[in-house]
Amino acid sequence: MASFGKVIRKNSLNAFSRVVLRRDFTRGRHSLGLVYGEYGDPGTVLKLEEIPVAEDLKDDEIEVDMLCAPVNPSDMNQIQGTYPFKSELPAVGGNEGVGLVRRCGLRVTGMKEGDWVIPILPGVGTWRSTLISNCNKFLKVSSSTGLDFAATLQVNPPTAYRMLKDFVSLQPGDTLIQNGANSGVGQAVIQLAAAWDISTINVVRTRPDSSDFDVINYLKELGATEVVTEEFLHSHKMKELIKGYSRPALGLNCVGGDSSTGVAKLLKEKGTLITYGGMSRKPVTIATSLFIFKQLTCIGYWNGLWLTNNITNNRALIEDMFHDLCTLGEKGLLRAPRSTKHELINYKNAINESMKPFVSSKQLLMIKN
Ligand SMILES: NC(=O)c1ccc[n+]([C@@H]2O[C@H](COP(=O)([O-])OP(=O)(O)OC[C@H]3O[C@@H](n4cnc5c(N)ncnc54)[C@H](OP(=O)(O)O)[C@@H]3O)[C@@H](O)[C@H]2O)c1
């Protein structure tokens with residue numbers, strides 16, 4: 001299996017080496033990171049390794065100490081080799097997170113030592129203590145919204161933001177419906193919609209341990225208008241509930257299978273269903289009649305592609321979006337998802353928890369604390 005260097009075992013790390021850049025004068029500088037040298041089960045192929053860090057910075061580069069990074073479903077798919085975006089192996093895991101600028105190259109403007117930054121595009125490899133990158137691949141963010149918010153700002157809130165803004169012209173008083181509503185994206189959708197006065201009908205999976213109540217209450221507290229279970233979605237009671245709202249013009253689907261069928265059925269004429277995830281691993285199934293008689297539009301959205309398409313020629317659009325999201329965060333209208341924190345050394349727990357059903361908590365790697 002390809003690797004960058006020495007594999008670090010849990011009991012060989014002391015508190016010092018856990019958090020700082022290591023300098024071995026015979027071998028240069030190293031950061032610590034979660035590396036995979038082959039595709040496979042993340043719990044097996046990920047190893048904590050020393051990763052070489054260059055001594056010198058190019059003029060347009062920054063050196064970043066990563067502070068905190070989440071474990072997202074797409075990170076897992078990337079390591080499994082099933083994601084369309086593939087890094088050259090060996091690769092460092094993680095695509096999102098927040099870091100602290102430690103050094104800047106001579107031509108870096110708009111960023112300085114001590115600033116908080118987030119990567120704009122996927123593929124940076126955020127699960128490591130230190131990285132060097134071209135400064136244009138990062139965006140400065142305020143630390144006032146807190147560590148969890150900044151660490152989870154780059155993927156899910158923009159996905160929710162673009163899906164609410166770019167496909168259907170939603171007006172205050174309109175309604176949308178989504179499944180996987182307790183996911184990170186779902187939580188962002190609920191909060192953005194509440195801030196923009198759009199009603200949300202939210203579908204979650206029925207919990208096996210009767211903790212539906214907890215999830216329902218949590219999402220309502222975030223601003224969800226209605227929260228129902230998948231069971232309810234497919235019952236006659238759903239038809240009654242939907243009558244109390246303007247018929248949804250927008251449906252958001254990250255589940256597929258029966259869940260997408262149920263969501264699509266409730267959309268208004270000429271409504272739009274956006275699929276952005278496939279957590280059930282089942283195909284999206286839509287009744288033929290919805291296409292013919294209701295003129296339904298079914299479309300997909302991929303935030304990584306949107307960012308890639310806009311980073312060069314439309315950076316202001318990206319910056320404006322993150323500015324809006326941070327302003328909402330500062331006003332308390334957009335919060336980070338519920339989370340569980342793990343030291344980098346305990347990464348296996350984070351990985352395992354992230355792949356379990358019904359956890360309702362984002363796993364965060366605390367890299368430098
Ligand atoms: N297209 C894009 O640009 C984009 C961007 C961000 C995310 N995504 C995708 O959106 C989805 C959610 O991502 P996230 O980071 O928000 O997720 P997350 O916070 O980790 O939450 C995962 C969600 O998936 C649900 N889930 C897990 N297994 C399921 C199954 N077998 N059937 C139905 N639901 C299941 C979970 O529900 P329970 O609590 O019931 O287990 C939970 O709601 C993922 O598919 C991700 O890849 C896409």
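Just so you know, these numbers use all the heavy atoms, side chains as well, and skip hydrogens, waters and symmetry mates. Just so you know, ligand 1 is whichever comes first in the structure, and atom 1 is the first atom listed for that ligand. Nothing fancy with the numbering, it's 1 onward along the sequence.
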Student: Give a yes-or-no answer on whether the side chains of D75 and Q78 include a donor-acceptor pair shorter than 3.5 Å.
Tutor: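 Their side chains do not contain a donor-acceptor pair, so the 3.5 Å distance test is not met.
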
Student: Do ligand 1 and P73 have nitrogen or oxygen atoms that lie under 3.5 Å from each other?
Tutor: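 In this structure, P73 places no N or O atom under 3.5 Å from an N or O of ligand 1.
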
Student: By number and element, which atoms of ligand 1 are closer than 4.0 Å to a non-hydrogen atom of N303?
Tutor: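 This gives 2 (C), 3 (O) as the contact atoms.
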
Student: Any nitrogen or oxygen of F358, side chain or backbone, less than 3.5 Å from one on ligand 1?
Tutor: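 Among all N and O atoms of F358, at least one is under 3.5 Å from an N or O of ligand 1.
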
Student: Which of the atoms of ligand 1 are close to N182, meaning less than 4.0 Å from one of its heavy atoms?
Tutor: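 Matching atoms, with element in brackets: 37 (O), 38 (P), 39 (O), 42 (C), 43 (O).
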
Student: Under a 4.0 Å N-O cut-off, is there an ion pair linking R335 with E221?
Tutor: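 Salt bridge present between R335 and E221.
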
Student: Does L267 offer a backbone N or O that forms a donor-acceptor pair with the side chain of K294 under 3.5 Å?
Tutor: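 Indeed, once roles are kept as given, a pair shorter than 3.5 Å links the two residues.
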
Student: Nearest protein heavy atom to atom 24 (O) of ligand 1, by residue and atom, and its distance?
Tutor: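 Scanning the protein heavy atoms, the shortest distance from atom 24 (O) of ligand 1 goes to M279 CG, 3.3 Å.
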
Student: Using side chain to side chain donor-acceptor pair (under 3.5 Å), reason through T229 and D212 one step at a time and then give a plain yes or no.
Tutor: CA-CA 8 Å; T229 61; D212 295 356; 5.4 Å; no

Student: When you measure from atom 23 (C) of ligand 1 to every protein heavy atom, which one gives the shortest distance, and what is it?
Tutor: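 Protein heavy atom at minimum distance: S183 CB, 3.6 Å.
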
Student: Quick one: look up the protein heavy atom nearest atom 19 (O) of ligand 1 and list residue, atom name and how far away it is.
Tutor: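 Atom 19 (O) of ligand 1 sits closest to the protein heavy atom G184 N, 2.8 Å.
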
Student: Would you kindly check if the NZ (Lys) or CZ (Arg) of R162 is within the cone defined by 45 degrees around the ring axis of Y301 and under 6.0 Å from the six-membered ring centre?
Tutor: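 Judged by the rule (NZ or CZ under 6.0 Å from the ring centre, within 45° of its axis), R162 is not positioned above Y301.
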
Student: Among all protein heavy atoms in this structure, tell me which lies nearest to atom 10 (O) of ligand 1, with the distance rounded to 0.1 Å.
Tutor: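 Here the nearest protein heavy atom works out to Y276 CE1, 3.3 Å.
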
Student: Any idea which protein heavy atom is nearest atom 6 (C) of ligand 1, and the distance to it?
Tutor: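 I find the closest protein heavy atom is N156 OD1, 3.2 Å.
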
Student: Would you find a donor on one side and an acceptor on the other, under 3.5 Å apart, between the side chain of W116 and the backbone of V101?
Tutor: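 No, because the side chain of W116 does not come within donor-acceptor range (under 3.5 Å) of the backbone of V101.
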
Student: C135 and M111: which non-hydrogen atoms are nearest, and at how many Å?
Tutor: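 That would be O-CE, 3.5 Å.
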
Student: For ligand 1, indicate whether the residue V255 contacts it via side chain, backbone, both or neither (heavy-atom separation under 4.0 Å).
Tutor: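 For V255, the contact with ligand 1 is made by the side chain alone.
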
Student: Pair T200, N202 - check side chain to side chain donor-acceptor pair (under 3.5 Å), show working.
Tutor: CA-CA 6 Å; T200 54; N202 299 279; 3.0 Å; yes

Student: Contact between R281 and ligand 1, counting heavy atoms under 4.0 Å?
Tutor: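 False for this residue.
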
Student: Just which atoms of ligand 1 are under 4.0 Å from any heavy atom in G277?
Tutor: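 Within the 4.0 Å cut-off of G277, ligand 1 contributes 45 (O).
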
Student: Strictly distance-based, threshold 3.5 Å: is any side-chain N or O of E63 a donor or acceptor partner for the main-chain N or O of I132?
Tutor: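 Pair absent, no side-chain N/O of E63 close to backbone of I132.
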
Student: Run the salt bridge (charged side-chain N to carboxylate O under 4.0 Å, His left out) check on D258 and K282 step by step: do they pass?
Tutor: CA-CA 8 Å; D258 287 347; K282 295 195 179 125; over 6 Å; no

Student: Of all the atoms in ligand 1, which lie at a distance below 4.0 Å from a heavy atom belonging to P357?
Tutor: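 Answer for ligand 1: 41 (O).
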
Student: Look at atom 5 (C) of ligand 1 and say which protein heavy atom is nearest, naming residue and atom and giving the distance to 0.1 Å.
Tutor: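 Scanning the protein heavy atoms, the shortest distance from atom 5 (C) of ligand 1 goes to T159 OG1, 3.2 Å.
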
Student: What part of V215, side chain, backbone, both or neither, has a heavy atom within less than 4.0 angstrom of ligand 1?
Tutor: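 Contact part for V215 vs ligand 1: neither.
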
Student: Suppose we measure from atom 15 (O) of ligand 1 to each protein heavy atom; which comes out shortest, and what is that distance?
Tutor: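 Heavy-atom neighbour on the protein nearest atom 15 (O) of ligand 1: K362 NZ, 2.8 Å.
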
Student: Hey, which atoms in ligand 1 end up nearer than 4.0 Å to a heavy atom of Y301?
Tutor: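 In order of number, 1 (N), 2 (C), 3 (O).
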
Student: Given M355, R207, R205, identify the one with the heavy atom nearest to atom 30 (C) of ligand 1.
Tutor: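 The nearest heavy atom belongs to R205.
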
Student: Checking side-chain contact (heavy atoms from CB on, under 4.5 Å) between I286 and each of N253, T261, L273, which is the one that passes?
Tutor: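 Only one of N253, T261, L273 forms a side-chain contact (heavy atoms from CB on, under 4.5 Å) with I286, namely L273.
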
